[in-house]
Amino acid sequence: DDDAPKKDEL
Amino acid sequence: MNVFRLAGDMSHLLAIIILLLKIWKTRSCAGISGRSQLLFALTYTARYLDLVTNWVSLYNTVMKVFFIATSYATIYLMYLKFKATYDSNHDTFRVEFLLLPVTILALVLNHEFSFMEILWTFSIYLEAVAILPQLFMVSKTGEAESITSHYLFALGSYRLLYIFNWIWRYYTEEYYDLIAIIAGVVQTVLYCDFFYLYFTKVLKGKKLQLPA
């Protein structure tokens, strides 16, 4: 899902 | 990546290294809550399952692998290798009182009702409260070794630095994630009492000792 927030944090 | 985020990650890394070195050098895990460490292992396992589905960067992958691997290494040291030194009589916080509400909250308050997203949300809520068995143990015994205090200080600083990172990201990228922010604030607030004792006692060379 492109709308899911991108998880770039740890 | 900004300076607060990097400092936060480094602080988190440092906390884990301090903890592992303390256990390894003293051949003892006295004063450390195995229950908190189990909750952290569960946190990282639930959150970093996206290692296989979502590539972010080499930095991101290396850190995730490190956090998962060290959380299990800590459990191995506490429950197997140095089990005899584990202070289980004082580690009595009922973790089901954390796991149950956190699970329900993750099922109700999430960005998307999907398997991965709920696991991520669960991990965020769980991390916020995972330190409670450790803080409970310190309050129960009324004291903590200096090295344990340094560990707790580094671990508490990590989420505090992440809050500055989120403020920074909000102004520079207009990015924010309310679930992470609210849980991160709760997590940091739980450390406030400890931070006060750390600055007023431990940094002045005294042992962290609670008033009787």
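Since we're looking at a predicted model, the values are computed, not measured. Letters A, B, ... mirror the listed sequences (proteins, then strands); counts begin at 1.
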Under 4.5 Å from a heavy atom of chain A, the part of B:Tyr158 involved: side chain

Which of B:Arg5, B:Arg47, B:Lys64 touches chain A most, by non-hydrogen pairs under 4.5 Å: B:Arg5

Where A:Leu10 and B:Asp9 come nearest, the two heavy atoms and their spacing: CD1-OD2, 3.3 Å

Heavy-atom neighbours of B:Phe164 CZ exceed 12 at 6.0 Å: no

Heavy-atom neighbours of B:Glu174 CD exceed 12 at 6.0 Å: no

Interchain contact, B:Tyr162 with chain A, by part (heavy-atom threshold 4.5 Å): side chain

More than 12 heavy atoms from other groups under 6.0 Å of OH on B:Tyr59: yes

Structural part of B:Asn60 lying under 4.5 Å from a heavy atom of chain A: both

B:Arg169 side chain reached by A:Glu9 side chain, heavy atoms, under 4.5 Å: yes

